[in-house]
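Let me begin by presenting the structure, written as structure tokens, before commenting on it.
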Amino acid sequence: MTLSLSSPISAFPLKRLFFPTSLKPSIPTPVFLSLSLAKHCLNMSSVPVSLPKYDFQTNWDVPQFSDDQMDAVADETLKRYSLSRDRKRNESGVAIVWFRNDLRVLDNEALFQAWKSSQAILPVYCLDPRLFGTTHYFGFPKTGVLRAQFLIDCLANLKKNLMKRGLNLLIQHGKPEDILPSIAKAFGAHTVYAHQETCSEEILVEKLLTNSLRRVVLPPVDIATSIPKTPKLQLIWGSTMYHLDDLPFGSSNVPDVYTQFRKSVESKCKIRGCIKIPPSLGPLPSGSLDEIGGWGCVPSLDQLGLNMEKHNGGMHFIGGENAALARVNEYFWNKDLLRVYKETRNAMLGPDYSTKFSPWLAFGCLSPRYAYEEVKRYEKERVANDSTYWVLFELIWRDYFRFLSIKYANSIFHLGGPRRVKGLNWNQDMALFESWRDGRTGLSVHFWSETWVWTGAWEPSGLKLALWIMTHVQIMEIGLMELAQTYDPEGEYVSYWLPELRVLPKEKRHFPGTSYIKQVVPLKFGNANPRNSNQFKGQSHRGGFERRKGQRS
């Protein structure tokens, strides 16, 4: 199996399974990872399992539990993962827990290490203005309304879960490298604990914070020695199913082929168990927060400079750890859908054909190790089959891309990718891009095939798109119509997102012609006509990558 991207952040925002956290919705999809995606998608299994039909007005909450039900599931789960009350801690000073993309209590090693090494813990979240700014090259918003609302839900839930355990969440607006040193000085904190990140923007913040902490002088612990101390930043790996330290190769030697990576870790590595947390994490540090402006509060959209837009259709993902744990319970145990995941995962509409774990994994509300343990528990108590393994298979994909981001660093975001592909000359027509973004290309199935950088940069804003059906790589136009007819034969999906198509007969929804709107651009590799769709069948994978004479780059 060649290098490919089975569940990229640039595809199926309402459909697929996992957002790689190292490739969370703040960076574009690396182009070099997409070279075999067309063939991979064409080989996807059909959908033999019957799924419910949905009308055009259907909206879905995910999970479909009430607040009380989500709280009950979370309380029971966290109780199962609680340490015994007699566990000892090293009662020495104050530790800060800097929450980043790990907005959970269960299996949070940074939180556990802070508790174990201190007498008191102060949890902190920084609303970094850089996350709510715009992208460097195109000026697109980094965080749109939907993503911001999900974050708000996550912070409110994290605060609630910490308060149940004798803590609270200090929320401040500002850069971590400015805020955390001031807090450390005010409370005499010896360590700031946080989960380690892998991409350049996050790594830069870590470096800036380390330098800022070095300038903080704390009173000496031992008055007799009179040696002043400075707080340190302690980074902990905790975002993947397989631990970085357990890999059978160094991060610079991660295989460039997924199958090699998967077979190696499956045969040589053991997945660590979830970190258990004591039922009480208190006390909070003594002293006043007045010096740093109080506890702060969970922000509103208005305070983040955003306004909620009305969204008709699609899924409403509820943010937070409780919702994440409830979704696992709902999909695995309540609806018993894990047993058919592999057969249903390529469907198009509705909340239940795939796990929908993506956003909670991306924000760290859900530990991949917990998902692994629940799969294994399901296999023991109900059934083990290809579907149960396939969830783990895709979690390994997620790990793989995160480890690749360490190996290749910023080159995965460069135009030529880490392979330094030459001669890529991408179209930069803003009017054409806006037509694609707003679903006004004139084709029921179309993607922005010219500039993956633009589309990747747009994604964090919240994906205000009428339709996303394929990823944004040049080759994917090959077989596009065949895929549409295979996975959406009656045009239900395209009609859900493009209301203009609902009045057309089902057989014309993928090929509306002028009855929709005039095409902005023609298909490169064939006409949007069902009679011509068979031309894609049997076309060589390699041939799809070759430029045709006279075509634009």
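For this chain, numbers begin at 1 and follow the sequence in order. Given the structure is predicted, the values throughout are model-derived calculations rather than measurements.
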>> When you compare the side chains of Y372 and S367, does any donor N or O come within less than 3.5 Å of an acceptor on the partner?
In response: no

>> Closer than 4.0 angstrom, basic N to acidic O: yes or no for E373 and R272?
In response: no

> CZ of R339 to OG1 of T388: how many Å apart, nearest 0.5 Å?
Replying inline: 10.0 Å

>> Working note: V97 + L122, criterion side-chain contact (heavy atoms from CB on, under 4.5 Å); need CA distance, chi angles, decisive distance, verdict.
In response: CA-CA 6 Å; V97 181; L122 184 59; over 6 Å; no

>> Do T77 and L106 have side chains that approach each other closer than 4.5 Å (heavy atoms only, starting at C-beta)?
In response: yes

> Do K79 and E76 sit within salt-bridge range, that is, some charged N less than 4.0 Å from a carboxylate O?
Replying inline: no

> So is R165 actually on top of W115's ring, under 6.0 Å and inside 45° of the axis?
Replying inline: no

>> Please determine whether side-chain contact (heavy atoms from CB on, under 4.5 Å) holds for the pair K268 and F249, giving the CA-CA distance in whole Å, both sets of side-chain angles, and the decisive distance to 0.1 Å.
In response: CA-CA 10 Å; K268 299 177 182 179; F249 31 70; over 6 Å; no

>> If the condition is side-chain hydrogen bond (donor to acceptor under 3.5 Å, both in side chains), which residues does R104 pass it with, not counting sequence neighbours?
In response: none

>> Show, in sequence, the C-alpha distance, side-chain angles and deciding distance for L338 and E379, and conclude whether the side-chain contact (heavy atoms from CB on, under 4.5 Å) test is met.
In response: CA-CA 10 Å; L338 178 55; E379 289 180 335; over 6 Å; no

> Below 4.0 angstrom, N of the basic side chain to O of the carboxylate: do E374 and R80 qualify?
Replying inline: yes

> Do you see a donor-acceptor pair shorter than 3.5 Å between the side chains of T240 and R402?
Replying inline: no

> Does a donor on one side chain sit under 3.5 Å from an acceptor on the other, for D336 and Y378?
Replying inline: yes

>> Could you go through R345 and E394, starting from their C-alpha distance and side-chain angles, then the distance that decides it, and tell me whether this counts as side-chain contact (heavy atoms from CB on, under 4.5 Å)?
In response: CA-CA 11 Å; R345 67 192 179 97; E394 293 195 347; 3.1 Å; yes

> Can you tell me how far the CG atom of L127 sits from the OG1 atom of T143, to the nearest 0.5 Å?
Replying inline: 10.5 Å

>> For K160, run the salt bridge (Lys or Arg N to Asp or Glu O under 4.0 Å) check against D71, D67, D75 and tell me which one passes.
In response: D71

>> With a 6.0 Å cut-off on the ring centroids, do F403 and Y242 count as close?
In response: no

> Can the ring centroids of F317 and F150 be said to lie less than 6.0 angstrom from one another?
Replying inline: no

> Roughly how far, to the nearest 0.5 Å, is CD of E206 from OG1 of T198?
Replying inline: 9.0 Å

> Taking NZ, NE, NH1 and NH2 as the nitrogens, is one of them in D246 or K270 under 4.0 Å from a carboxylate oxygen of the other?
Replying inline: no

>> Between R369 and I275, is there a side-chain heavy-atom distance shorter than 4.5 Å?
In response: yes

> Would you call E266-K263 a salt bridge at under 4.0 Å N-O?
Replying inline: no

>> With a 6.0 Å cut-off on the ring centroids, do F363 and Y125 count as close?
In response: no

> Would the Y258 and Y400 ring centres measure less than 6.0 Å apart?
Replying inline: yes

> Is the shortest side-chain N to carboxylate O distance from D256 to K407 below 4.0 Å?
Replying inline: yes

>> Under 6.0 Å between ring centres: does that hold for F393 and W390?
In response: yes

> If every non-hydrogen atom of W360 is compared with every non-hydrogen atom of P63, which pair is closest and at what distance?
Replying inline: CZ2-CD, 3.9 Å

> Rounded to the nearest 0.5 Å, what separation is found between the SG atom of C154 and the CD1 atom of I318?
Replying inline: 11.0 Å

> How long is the span from the CH2 atom in W60 to the NZ atom in K356, to the nearest 0.5 Å?
Replying inline: 9.0 Å

